[in-house]
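Below is one structure, written out as structure tokens; the observations come after it.
Every chain is numbered from 1, with letters handed out A, B, ... down the list of sequences.
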Amino acid sequence: MIHPLAWVAWLAATAVALLATRNPLYIGLILLCIAAVWHVLRPRSKAPPLPLSPLRFGLLIVLASAAFNALTSHFGETVLFMLPSSWPLVGGPITLEALAFGAINGLVLAGFLAAFTVLNMALPTHALMRLIPRAFAPLAVVLSIAAAFVPATLRQLQQVSEAQAVRGHQVRGVRGWLPLAMPLLVGGLERAFQLAEAMTARGFTAGPQATPAYGIQRQQAGIRATAASLPAWLPRVLLLIGLLVVLSGLLVRLAWGHPLGTGMVVAAGALMVVALWLAGQRVQRTTYRPQPWEQAAWAVLAGAAVVLAGYLLPVPGQAALYYTPYPRIAWPDFNAALGVITLGLATPALVLLLSKNLEAS
Amino acid sequence: MMTVLSRPERRSRWLRSAGLSAAVSRQPNVLRAISLLVIGAVLLFVATGLMGLPAAAQGPGGNQAGLVIDFGDGNVQMACVDLGPDGQATGEEVLAAAGFDVLMEYGPMGGAVCRIDSQGCDFPGEACWCECLSSPCVYWAYHHLVDGQWMYSTLGASSHLLGPGDVDGWAWGAGTLSQGAQPPVYTFQDICAAPTATPTPTSTATAVPTPTATMTPQPPMATPTWTPTRAPTDTPWPTPTWTAAPLTNTPLPPTATADGSLTLPVTPTPPTVAAVAATPTPTAAMLALAPPPVDVEPRSGAQQGMGYAFLPLVAHRVALGDTGGESQALAAAQPTEAATSTASPTATWAYGPVDGQARSAELAALVRSSDPPDPPPGTPAQEEPAAHSQWSPTRPPRLGSSVVRADEGAPAGLSSRTHAVADPVLPLVVALVVAGSLASWRLVRAEAASKALGRLWALRSPRPAHGAAPAPLTAQVRNRQAWVRGGASLVYGLTAVIGILAFLYPFLAPALQEAPAPRGNEAYLLMLLVAGLSFVALLLEVQSQAVNVKVIALLGVLVAINAVLRFVEVGIPGPGGFSPVFFLIILTGYVYGGRFGFLMGALTLLVSGLITGGVGPWLPAQMLAAGWVGLSAALLRLLAPWVGARVGSRGEIALLAAFSGLWGLAFGAIMNLWFWPFMAGPAEQYYQAGATVVDNVRRYLAFYLATSLLWDTLRLAGNVVMMVAFGAATLRALRRFRRRFDFVCEPPAQVPGASPRGRGQAGTEAGMPAGAMPQGRALERPGLPVEAPPSALSLPSRRGLL
């Protein structure tokens, strides 16, 4: 198992790489890396099978996107054929360039989908839930209740439908579902009622301002203790200021096109992250069976960091990332060093393979 | 949340906080807090806005841009166009303002110029690229002057913004997509010599024999401001008015136009005007002949002096070539035809009521600096009366919102401002949105807290226990509560505005697209970041305000039920965009209040995404949109009494069905918006940079109709069917449980020193400073439930059971 945060880092690196380039060669490399990870993960995954195989789905997206762009965008010099210009939206020359541009867009989109599919395969639901920031502790409780109740609700649905079937009920038409839906809903509400009573009885308190238990409080030290001792209204005030700055930045960018606006939004985002962190420090979180941060996680993180650095920092040869088929389609450039850097995204596959071999031996 | 106040008092507080009561001065209340913060926001906005303004406000040569048009047959024309007060205009606007007759085709990629004056393709009749169907491809190539060289424009005329000092060039000739025919190079100084720029005395003298004598006393000099579109132009152009005087390349005889049978209110003084603008007589003649008497009343000198500034777009132009005269002369010789074909011959150039002498000097200098084939300096260049007079009638209707606006100061017709974003309209819209969202949210809040789950949110009953009178709140506590609530309202309003702006970003962001960055995705990333931030803030606020044990349990179970519905949907794909989740989201929002509905919507999609492996980049947008569905459902509670829908009546179900149907469409539209610019990539393909907001919306509608309407219609139908079939029964169940959840937890009888009130607040007031806790708290066992211990839990009243 690789630590969930390392997976998040991998996902971020993949997303950034996909957004940063439109060179089909690099996009293809990224897709290859994702496919490698997917291939290694698939045998051990417990995720529910997808209705459509990712490969087919990706192909569908690429084709649809290419057709859509070719039909609606009439740039480009290599005219394949003409549609009557009186046709709205699609009329005009259909060019190879527009087709290629649409296909590249589809590749990026398919890459996004594939990356998230891999994440869903790699992390079980509880690990994903563990990623919810501490500031959202009450919501995390709601989420874990909901996740825990989903199988129960499914069971209940089955019971209800069996009971109704025994009574001779058959689903005919839309209203035929009513005898199934209502017991499900009312039963669920009864459960909620019992749950609320039970939680109250067990001393559950909601809200981030619950008094921490002494034992845990004593373990706190350093900056976390300082943060927890700050007044409770501070995060909210920071959040408000952040929102105001976001709005101002957005307006500056929108109304005047001033690049300062982007900077303001980013700064406000940082401020709000700080506010979230501060709010989270007021909540105690205990972890049953914590996930260790192992060497594998370090390796994945390093791979992600290399990719992020290569794509975001001004590295020589980065111009190869930029590619547009317009106005006349041409073969894209390729920088070998950047290609090697891109392979950092395949680190999880490597790590998983190695660990599998270790387990086997 | 109020905890100890009695019901009536609570209600009065809500009323007061909703601004409905006049007694607001007693303590610092929500209004004061809100107004303070709003003022702060506005100040911040204005301050940041001012930083951005000066860059646009100033530039070389005042607010003018140049235009060079090469008709490909040796005829080259230049024009100097005033950009108006904000110093920005698109290439299309500049073309139009310079008085050329421009035909454009508006496709999905923006406007393409088909014809300028008589050169090009008659678009509706033939293809816009009629000369480009085979090689060589001849079309109107568009260039910008950069460092004295023409650069082929990668953007269309309606997308490229000109600033002061910029020069656009158009040339009719063979080209490819990456390069085209280039017009001759003229710098901005060549075209727009500033009015004060060294007029050569000789040329002025020759060009303007007696300019000022006849000119200055003529107030109608301000009348170029004749607005073509405003004039009811049904009456055909009177034929006898012009002779084809401009045919000759000689200086115009003064009497060229005035010898019509009409009585002209202004006796034109052609030499003057000719020298000034090379288009003297037509202007005057048109003025005189235009059916409605246009603004010809004399102005005061002050007005004349200021008039120039009022004119948003002032253009003057001059023809340089010598061959264009024939066609123009033809057109001029048959004014009737021109008139009938265009319905309203218009003077497309407008001269500000500036000092005629300065302008004439400027133009004379301009003429003199032109190329050899030109008429000798001082000769008034030939004019193109009719050719340009047929410009306007065709153009304005085609561009959605190019409103021809007439300023009070000068009723000029040429101020077509298609740039909605740079307009002062945007701040106004934003202010309206801010005010509207704040107001609506206040209503939702008031409504949700007072009626829906009022006591579910609160930990303790608002009724005093055992008949004891409620202890009055201290001023300090009230003060704090006011701040907390004011801050909350502001968060809701701000996030609503930011969220709407973020989703509408593709429509509003031409400025971003004007110069595409290499990466090109900045707009998209910014939008994502902004939407994500506002969503996180909203979630945090709703959570901290709204959560206690009962809410947590209820929400958790309902979300699970809804996620199962979604699970079933993923397993058995329903028709089209149909999804059963909206049904419960809307009903819970309606019955349990907006905040509950918001959390229900957002968490349902999150949980089902987690369970079905549907975590993806779309998830935040989905959560936000579904949250809005639930949030807005609370508004129906306000609407229901208006339309006479009683609780449990059929009208109520009909209202809910209509509402959910509406959201079936709107949800799809919002989700489309989210990926629309992304699908389109960074290029200016689908959402047209520089086009008007209305134009963009129209284009998006076309896109929506073509791609998503059917899909979303199935969602609409599914929502309506579900609401009609299950709505009444589900409403009854939800209402019954609302009453059952309305139980009271009473504290243990006597805990020494422990103030029940204080503990109640400890559980509810999320934003309270720690120091505000009552002293009794210290005696509590850590981890003690803020709600009462089990022994004191009174059983739910059974009266609600059906």
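Here the straight-line distance linking atom CG of Leu529(B) with atom CG of Leu533(B) works out to 4.5 Å at 0.5 Å rounding.
Nearest heavy atoms, Ala135(A) versus Ala279(A): CB-CB, 4.0 Å. The minimum heavy-atom distance linking Ser65(A) with Gly106(A) is given by the pair OG-N, 3.4 Å. In terms of heavy-atom proximity, Gly188(A) sits nearest to Ile561(B) at CA-CD1, 3.9 Å.
Of the listed residues (Leu189(A), Val79(A), Ile104(A), Leu239(A)), the greatest number of heavy-atom pairs within a distance under 4.5 Å of chain B belongs to Leu189(A). When each of Asn562(B), Leu603(B), Leu584(B) is scored by its heavy-atom pairs under 4.5 Å with chain A, the top score falls to Leu603(B). Contacts with chain A were tallied for Thr730(B), Val721(B), Val559(B); Thr730(B) has the most, counting heavy-atom pairs under 4.5 Å. Most heavy-atom pairs under 4.5 Å with chain B, from the set Thr125(A), Leu178(A), Leu123(A): that is Leu178(A). Ranking Met182(A), Met129(A), Gln156(A) against chain B, the residue ahead of the rest is Met182(A), based on heavy-atom pairs under 4.5 Å.
Proximity to chain A is limited to the side chain of Leu558(B), based on heavy atoms less than 4.5 angstrom apart. For a residue to count as touching a neighbouring chain, one of its non-hydrogen atoms must lie under 4.5 Å from one of that chain's; by this rule Phe737(B) touches chain A with the side chain only. For a residue to count as touching a neighbouring chain, one of its non-hydrogen atoms must lie under 4.5 Å from one of that chain's; by this rule Ala537(B) touches chain A with backbone and side chain alike. With a threshold of 4.5 angstrom between heavy atoms, Ala275(A) does not approach chain B through any atom at all.
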Side-chain polar contacts of residues 141-154 of chain A - donor-acceptor pairs under 3.5 angstrom, sequence neighbours left out - could you list them?
| from | atom 1 | to | atom 2 | distance (Å) |
| --- | --- | --- | --- | --- |
| Ser144(A) | OG | Ala140(A) | O | 3.1 |
| Ser144(A) | OG | Val141(A) | O | 2.9 |
| Thr153(A) | OG1 | Phe149(A) | O | 2.5 |

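With sequence neighbours excluded, the residues satisfying side-chain contact (heavy atoms from CB on, under 4.5 Å) with Val536(B) are Phe136(A), Leu276(A).
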Open item on the list: Assess the residue pair Leu599(B) and Leu539(B) against the criterion (side-chain contact (heavy atoms from CB on, under 4.5 Å)); give the C-alpha distance rounded to whole Å, side-chain angles, the decisive distance to 0.1 Å, and a yes or no.
Closed with: CA-CA 8 Å; Leu599(B) 289 175; Leu539(B) 209 57; 4.1 Å; yes
